Protein chains: 2
Amino acid sequence: MPRPRVNLLSVELIADAAIELADSGEPFGVNALARRLGVTPSSLYNHVDGKDAIIELMRGRLSRRYLPTAVTGEWDAVVIGTLRALRRLYAQHPLIVPLIVGKTITDPGVIAGYDRLATALVDAGVVDDEVLAIVAIVDAYAIGFGMDLASPDEIWRPDVPTATLGRLMAGAAEGAARSDAAFEIGLDMLVASLRVRIEGPQTP
Amino acid sequence: MPRPRVNLLSVELIADAAIELADSGEPFGVNALARRLGVTPSSLYNHVDGKDAIIELMRGRLSRRYLPTAVTGEWDAVVIGTLRALRRLYAQHPLIVPLIVGKTITDPGVIAGYDRLATALVDAGVVDDEVLAIVAIVDAYAIGFGMDLASPDEIWRPDVPTATLGRLMAGAAEGAARSDAAFEIGLDMLVASLRVRIEGPQTP
DNA sequence: ACCTGAACACCGTTCAAGT
DNA sequence: ACCTGAACACCGTTCAAGT
């Protein structure tokens, strides 16, 4: 029964099934993934190095799909392009975010994305130490708004009376729309403040 | 043997032991927590509603310790006060961050903190929808930089040559210092761009 | 080289039984 | 009311055995 003539698994099949599993909302894990692939959990270890490696594989596969490789030119185009791409990725795969958050990034494509951003900032004349800070800030934005997407209406649950928060949440546009608005405002603010920092105060 | 004359557990004891366990770096879980308390895992369920409730308990306890209840006055003082407090919390308990990230906030003290921020923004004349967006941005900053603290030098691991990122990481101030610098720059930028949005372009 | 099946050391949670 | 002990349905990972 073991070892059919054509392989049942491959790194690509595993990665795609993992993304499907996470998107489905069912609890993510090696065993659940093996079930979805119609295979024994131990089989996966012939192709992949365990749970964390599978998650990093998902990050890499999705990034290759969403991150524009050709984002180039001015620093602001790179910042906006990178953030919008990450935003689209997280918007379409919100349940991926809690899985990848806090895990070390090793995928070459993702590294290349942050490297392009760092390079564009250096080219714009930002000093070295500040470049890393700004990349960290962009990353914080992306992940923060990603988390916002992962739990659209369930960030705060005030069981106690509030002066303002409860009223705002009741009146706010629901879920995705509210999150989109927050992202756009945040992106505007980020680019504006970066511009001041990089190009100096604007005097039109 | 069961049921000694004085109780072995309480919500406070459980919360404190949970924080100690998370800080220790050992894998966090109900069983490990019970071991640390010298008690059976099922005993915890007499005081607390399972793993997620314990985590929310930790968030509440730490917030009561770090979040200033008396932060009041201008919107900028509230933003800076709140973010600095969260920063100190996450800096001293970095391993808490991956546990609380993405979990719904229900603790009244934490809710009150975000409510104070929302109220200060409303008082400053920010329109309702934008208030929620700005609160989300502040939250994104806090959590983003918290994650930065949780894995100081392990955010990116480029196994492949990079144009800029690798050089910057090698030359950057290590760990906490680099992260602090990023936070200060980010906070500056955030407040500056909020000021433009709230008070209009500055003409000194 | 690739897959299975058994095994290991764990999880989180429930529940009857004890005091 | 509070704690134990047994039980349940899971985990992630390793490894010998099969082809």
Side-chain angles (χ1 to χ4, degrees), chain A residues 1-60 95-96 98-104 106, chain B residues 1-60 95-96 98-104 106:
Chain A
M1 188 70 59
R3 186 86 161 102
R5 289 171 28 262
V6 63
N7 288 355
L8 295 176
L9 295 177
S10 72
V11 173
E12 289 76 21
L13 279 174
I14 292 172
D16 285 339
I19 292 168
E20 282 176 29
L21 174 59
D23 285 344
S24 79
E26 290 162 48
F28 183 85
V30 177
N31 294 21
L33 179 57
R35 273 193 298 276
R36 177 171 284 257
L37 284 161
V39 128
T40 270
S42 52
S43 307
L44 300 174
Y45 288 77
N46 286 300
H47 300 86
V48 141
D49 216 22
K51 190 183 185 183
D52 281 7
I54 294 174
I55 291 175
E56 189 58 19
L57 222 55
M58 298 162 72
R59 192 211 303 266
L95 299 180
I96 301 285
L99 295 178
I100 62 174
V101 74
K103 297 235 158 75
T104 300
T106 63
Chain B
M1 188 68 60
R3 188 82 163 106
R5 289 168 32 261
V6 64
N7 289 356
L8 295 176
L9 294 177
S10 72
V11 173
E12 289 76 21
L13 279 173
I14 291 172
D16 286 338
I19 293 168
E20 281 176 30
L21 174 58
D23 285 343
S24 79
E26 290 161 49
F28 183 85
V30 178
N31 294 21
L33 179 56
R35 272 194 298 276
R36 176 171 284 257
L37 283 161
V39 128
T40 270
S42 53
S43 307
L44 299 175
Y45 287 78
N46 287 299
H47 300 87
V48 142
D49 218 22
K51 189 183 186 183
D52 281 6
I54 294 174
I55 291 174
E56 189 57 19
L57 222 54
M58 298 163 72
R59 194 212 301 266
L95 299 180
I96 301 286
L99 296 178
I100 63 173
V101 74
K103 297 235 157 75
T104 301
T106 63

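Here the structure is a predicted model, which is why all the values come from computation and not from measurement. A note on names: the letters A, B, ... follow the listed sequences, proteins ahead of strands, and every chain is numbered from 1.
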Return the minimal non-hydrogen interatomic distance between A:V30 and A:K51, and the atom names on each side.
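Shortest heavy-atom contact: CG2-CB, 3.9 Å.
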Any idea which of [options] is nearest the [X] side chain?
X     : options               : value
A:N7  : C:dC2, D:dC2, C:dC11  : C:dC2
B:H47 : D:dC3, C:dC2, D:dG12  : D:dC3
B:N46 : D:dT4, C:dC3, D:dT14  : D:dT4
A:Y45 : D:dC3, C:dT4, D:dT13  : D:dT13
A:P41 : D:dT13, C:dC11, C:dC3 : D:dT13

Taking A:E26's backbone N and O only, do any of them form a donor-acceptor pair with A:S24's side chain (distance below 3.5 Å, no angle check)?
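Pair found, side chain donor or acceptor close to backbone of A:E26.
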Whole-Å gap separating [atom2] ([N]) and [atom1] ([X]):
X     : N      : atom1 : atom2 : result
A:R36 : D:dC11 : CZ    : P     : 13 Å
A:N31 : C:dG5  : CG    : C1'   : 14 Å
B:R35 : D:dT4  : CZ    : C1'   : 16 Å
A:L8  : C:dC2  : CG    : P     : 11 Å
B:L33 : C:dG12 : CG    : P     : 9 Å
A:F28 : C:dC11 : CZ    : C1'   : 17 Å
A:L44 : C:dG5  : CG    : P     : 14 Å
B:I14 : D:dC2  : CD1   : P     : 11 Å

Where do A:L95 and A:L99 land on the side chain to side chain contact (heavy atoms under 4.5 Å, CB included) test, with the steps shown first?
CA-CA 7 Å; A:L95 299 180; A:L99 295 178; over 6 Å; no
Can you tell me the base-pairing partner of C:dG12? Count Watson-Crick or G-U wobble geometry only, both distances below 3.5 Å, and say none if there is no partner.
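For C:dG12, the partner nucleotide comes out as D:dC8, under the 3.5 Å rule.
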Applying a 3.5 Å limit to both distances, which nucleotide forms a Watson-Crick or G-U wobble pair with C:dG18?
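Its partner is D:dC2 (Watson-Crick or G-U wobble, both distances under 3.5 Å).
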B:E56 and B:K103: CA distance, side-chain angles, deciding distance, salt bridge (Lys or Arg N to Asp or Glu O under 4.0 Å) verdict:
CA-CA 8 Å; B:E56 189 57 19; B:K103 297 235 157 75; over 6 Å; no
Passing candidate, side-chain contact (heavy atoms from CB on, under 4.5 Å) with B:R35, options B:L37, B:N31, B:L33, B:V39:
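Single side-chain contact (heavy atoms from CB on, under 4.5 Å) partner of B:R35 among B:L37, B:N31, B:L33, B:V39: B:N31.
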Relative to the 5' end of DNA chain D, which residue comes earlier, A:S43 or A:G29, by the nucleotide with the nearest heavy atom?
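First, find each residue's nearest nucleotide; the 5'-ward one identifies A:G29.
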